Each structure stands twice: as C-alpha cells, then as structure tokens.
Amino acid sequence: MRSKLSYSLLTAVLALGLSACGGSDDDNADFPDSYLQFYNGSPNSAVTSLREVDEGVIGSASYGDSTALFTRDAGDVDLEFFRTDSDDQEVIVDERTINLRDGQKSLIVLSGDFSTPSFNEYTYQREELENHFRLFALGLVEGQSFDLYMSDSGAPFTAANQLGTVSFDGFEELVYWDGDSDSDDFDEGEYTVYLTTPGSQDVIFESPTINFAFATEYVLAVRSTSGAIQNEVEVDLIINSSQVSNFADVDADSQFRLYNSLDAEELTVEFDGNNDNSAPDQIVAANTITPFTEIEFGDYRLSAVGNTDSSLNFNNRLVTLNQGESKAIVVYQDADGSLTSLSFEESNLPQVFDKQVQAVNLVPDFIDVDLYFVRKDETIESAEFLISSIDFGENKTLSLPSDFYELVAVFDDNEDTQVLLDRTELLGINEEENYIVTIEKTDDSPTGFKVSLLF
C-alpha cells in the first residue's frame, strides 16, 4: 500500500527531491514529459495570469479556477505571475524559477491574502491508472484545519473513513481504505466527502455525491467562499484540465435580496417555502434594494403587492435557491403595466480587483439597449467595456476592473440613430460589493429614463 505523503509549503526540497511519491522509472514511458498547472486559491485575488519569462501567456485563473495542464520539457522554467490593473497595465505579482522533471506534474497554487500572496509548488509523479484514481488533499482556509472523511456514496457519516487532517497550505496524498490485489488506489465510483474540526465528530461540511469517473490524479482543495456569500467552506476538485468542479455543503444556506424598481409604490413581498422555510414578509420602499436575507436552500413562492395600489400584484412565482447560492430579485412593471419580476444569481468570485456587474433593462419601450462603462479618458466610441443588446426584462453580466465609470445607456433606433437614454456622473465601482446596474423609466429625468447603480 502506498505510504501517505505529507507535503509542506513550497520549498526547494519539493522541487528537487520528490521521487518517493509513487510510481517508478517505468512510469516515464507513459508520461515522458513534465507537466505544469496553476490554480488560484486566494480568496481576495484578482484574475491572475501565468507566463514564461520572455514568452507568451500560458493561462489565467480566477479564484477557485485553474489553467489547463501544460506539457513542458524538463528543466528550469522562469515564471511570472501578473494581474492587469484598471489602466490596463500589468502588475507583476510574483516571479520564480521552478525545476520540471520528466514524468512529474508541478501544481502551482496561489494562496493567502493577495496583498502578500504565497505561490506554493506541489509535485508528484504521474502514473498510468486503470479503473482507479489517486486523491490528494490541499488546505486553503487560512488559520483552520479540518479532518477529512470519505465514504461510499449512500453511506452515512458513521460509516465514513478518516483519511487525514487538512491544514492551511498543506498537501497530502490520501490512502484508500479498501485497497485490493488489483490496486491500492481508490476505485472509480461515487463517494461523499465530510469535513469536521480536528478531533470532532460534528460534521461541518458534507458534499453531495461526487463521481470520481476518471482514472487520473485528483486534488481536493478545501477553500472558503467569496463574493456574495463569504466565509463558508467549499470543496474544489482539480484534475488535469481547466475544468474545476466546485461542491458546496449539502446543508449550506442561501440568500437573496430584493429591488423594488417602482418610482412611487411601496411593495409588500412574501417569500414562502414549505413548512417553516419562509422569510418574513418584507415591505420594500420604491427604488430601494434590501440587504441580503439568509435562508435555507430550496424552492420558494414569491408574491408581491402594492401597498397603495393593490392592482399591482403577482402571486406564486417560483424562485429556486441552491446551496451556497445568492440571488437578486428585481420587481418591475411589464409592458402592459403589470407587476412582474426577474431573478439572477450573483457572483461568488472576489469583488476586490475585478467586478462582476449585472445589468438589467427595465424599459419596455426599447429592446437591445447598449450600456457603456466610460472612464474619464474615454468616450463611448473608445470605451473598452460595454454590455450590448440588453433586451427588456433581461440581465447580462460583465467583468471589469475596479475604477470610476460614467454609465451611458444608448438605444439604436430603426434609422440606426443612437438615442441617449441616460448617463450618470463618474461613479466608483471600486468597493468589495456585488453591483447591479438598472436601466429604467422615470419622471424625474429630462429624457424620461435613468441609469442606477445598486449595491
């Protein structure tokens, strides 16, 4: 049976001497090259790019994401990690030289606070596997450790097997509890992962059923949530591709917030689930967005009515909130004046350097509205950031760097003439917030329309 291996932080020891992590010289016949991959595990990071010095960009990764797996020749490789600031200038985050070896994979992990980031290299020998997989665990929650358990799918926690303790920046290969004569590695199939605090039997995280369907090496990364919902625990599965699977706790709460876009009507909003899974009724003033309301995940019935005009109402709209999910619900008037709503998921990515903005068109008179984000040295013709063709009752998403922007909403009429709906002053989209931009009708604007920035 393969011995359990513990890996420390990035050191020269890992880069130079990790020949005992499984396999043999014969494995190089199956994996004759060296392999490189980058994973971003810093919860307040920017999108971070990786390149070889004096060469092109290898790849980029946002929080909880990875690059693809790249094949390289063995030997020393000089790497640069960088982000792009609001002036489109590259900011070097780190530079380092790593030594790649034939048959080995080097996984470079960004962790910790992005103001003083750590770039750790974890190296292991690749193996040819058949109907089995290898599993490594990586800790990315600063200041916390977790006992990791695993069971066959459908088995309760009492039948789970403790595989090790996951600490911050620790990296460990886990040992299968039921190896056989064919292999000591894990059998392909479906499993459940559990986390507890060290020494405790109280489960703080239970994964949904995870299908380990590939004969490969998996890295299970334990990290905290970011963005709209923060400081919860999630699990990522990193494989030899850019596709990272994310799993929230099966019992994780969700949250929602409401925006009443009506200019002059207060609304009472009901958010009802089954049994006791309901939120208290909320009275939402005109042109107001509420704080987030935390609630159990599930399917809910949304109803709303005007407090002075009861003809403005709707009942029993379905809103689904999955585990660890945050949604915004916008209540507005349809083309015929009827009350209606739309909902969309808000970003779970860090909102520190890069902002993921949601834009909503609530103007029934116009479809295909263009929304420009114009910086102080730009016009709409030179603006780098644009959300185009937003239909009525539709939301679209854009990622843009933290900066000050003038928001300009424009409609192209049938004669291809641009009609200005509204423009704002320079507004700071530079806080750690999830921003929503709405385009609405109003009686308080010379054009009859307004653009609002909500957060």
Side-chain angles (χ1 to χ4, degrees), residues 256-269 271 282-290 292 302-309 311-315 317-319 326-347 355-374 380 385-398 405-413 418-425 427 429 433-455:
F256 70 94
R257 57 178 173 169
L258 302 160
Y259 175 57
N260 174 7
S261 71
L262 276 64
D263 261 346
E265 185 67 34
E266 186 179 72
L267 298 174
T268 296
V269 181
F271 204 76
Q282 296 195 44
I283 297 176
V284 187
N287 298 129
T288 298
I289 189 167
T290 68
F292 285 107
L302 176 71
S303 302
V305 62
N307 286 350
T308 59
D309 183 358
S311 67
L312 292 171
N313 69 85
F314 62 78
N315 294 294
R317 300 289 175 84
L318 176 65
V319 176
S326 180
K327 279 190 174 178
I329 301 168
V330 177
V331 182
Y332 65 102
Q333 286 183 277
D334 211 337
D336 62 2
S338 301
L339 200 64
T340 187
S341 67
L342 67 90
S343 64
F344 49 85
E345 185 177 355
E346 300 204 59
S347 174
K355 313 298 180 183
Q356 188 163 315
V357 177
Q358 297 274 359
V360 185
N361 178 9
L362 303 179
V363 180
D365 310 65
F366 303 111
I367 60 173
D368 295 340
V369 173
D370 296 330
L371 178 65
Y372 293 85
F373 295 78
V374 183
I380 66 168
F385 299 103
L386 160 70
I387 303 178
S388 61
S389 301
I390 313 171
D391 287 339
F392 172 58
E394 179 185 37
N395 70 285
K396 286 190 173 183
T397 304
L398 175 70
Y405 298 87
E406 180 183 349
L407 311 183
V408 183
V410 173
F411 171 72
D412 288 342
D413 64 16
Q418 288 189 317
V419 178
L420 176 65
L421 300 185
D422 190 32
R423 63 190 299 176
T424 69
E425 299 177 347
L427 301 175
I429 303 181
E433 303 285 351
N434 285 72
Y435 288 93
I436 301 170
V437 179
T438 61
I439 306 162
E440 308 174 52
K441 297 184 71 170
T442 183
D443 295 329
D444 298 327
S445 166
T447 64
F449 306 97
K450 67 177 179 179
V451 174
S452 300
L453 181 65
L454 311 174
F455 55 93

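Predicted model, so just to flag it, every value in this text is computed and none were measured. Positions are given from 1 along the sequence.
- Side-chain atoms of T447 come within 3.5 Å of backbone N or O of L421 as a donor-acceptor pair.
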Audit row: T424, Y405, side-chain contact (heavy atoms from CB on, under 4.5 Å) steps and yes/no: CA-CA 9 Å; T424 69; Y405 298 87; over 6 Å; no
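- Formation of a donor-acceptor pair under 3.5 Å by the N260 side chain with backbone atoms of E265 is found in this model.
- The closest donor-acceptor contact from the side chain of N361 to the backbone of I390 lies under 3.5 Å.
- In this structure the side chain of F256 never reaches within 4.5 angstrom of the side chain of T290, judged on heavy atoms.
- Counting only residues at least two apart or on different chains, the salt bridge (charged side-chain N to carboxylate O under 4.0 Å, His left out) pairs with a member in residues 338-347 are R257-E346.
- F344 has its side chain out of reach of T397: every pair of non-hydrogen atoms, C-beta onward, lies at least 4.5 Å apart.
- Residues S445 and D422 approach most closely at OG-OD1, 4.3 Å, considering heavy atoms.
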Check residues 448-455 and write down every donor-acceptor pair under 3.5 Å in which the side-chain atom is one partner and the other belongs to a residue at least two apart or another chain.
from, atom 1, to, atom 2, distance (Å)
K450, NZ, D263, OD1, 3.4

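- The minimum heavy-atom distance between A286 and A264, with the atom names listed, is CB-N, 3.9 Å.
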Test log, rule side-chain contact (heavy atoms from CB on, under 4.5 Å), inputs I387 and F373: CA-CA 8 Å; I387 303 178; F373 295 78; 4.0 Å; yes
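- In this structure, D443 has no side chain to side chain contact (heavy atoms under 4.5 Å, CB included) partners at least two apart in sequence or on a different chain.
- Residues Y259 and T288 approach most closely at CD1-O, 3.3 Å, considering heavy atoms.
- At least one donor-acceptor pair under 3.5 Å links the side chain of D309 to the backbone N or O of S311.
- How far CG of N395 is from CD1 of I436: 9.0 Å, rounded to the nearest 0.5 Å.
- Considering only residues two or more places apart in sequence or on other chains, R423 meets the salt bridge (Lys or Arg N to Asp or Glu O under 4.0 Å) condition with E406.
- For the residue pair S347 / N434, no side-chain donor-acceptor distance below 3.5 Å is found, with atom types taken as modelled.
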Enumerate donor-acceptor pairs with a distance under 3.5 Å from any side-chain N or O in residues 362-371 to protein atoms, sequence neighbours excluded.
from, atom 1, to, atom 2, distance (Å)
D365, OD1, K441, NZ, 3.4
D370, OD1, S389, N, 2.8

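- Residue S326 comes nearest to F292 through the heavy atom pair OG-CE2, 3.1 Å, listed as atom of the first residue, atom of the second, then distance.
- The distance from atom CG of L267 to atom CG of L339, rounded to the nearest 0.5 Å, is 6.0 Å.
- Among the candidates N287, V284, L312, the single residue satisfying the side-chain contact (heavy atoms from CB on, under 4.5 Å) test with L262 is L312.
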From CA spacing to verdict: side-chain contact (heavy atoms from CB on, under 4.5 Å), I329, R317: CA-CA 11 Å; I329 301 168; R317 300 289 175 84; over 6 Å; no
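- With a 4.5 Å cut-off on side-chain heavy atoms, E440 and T442 do not count as touching.
- Legend: residues meeting side chain to side chain contact (heavy atoms under 4.5 Å, CB included) with N315, ordered by chain and number and at least two apart, are S303, N313.
- Counting only heavy atoms from C-beta outward, the side chains of T438 and S261 never approach each other to under 4.5 Å.
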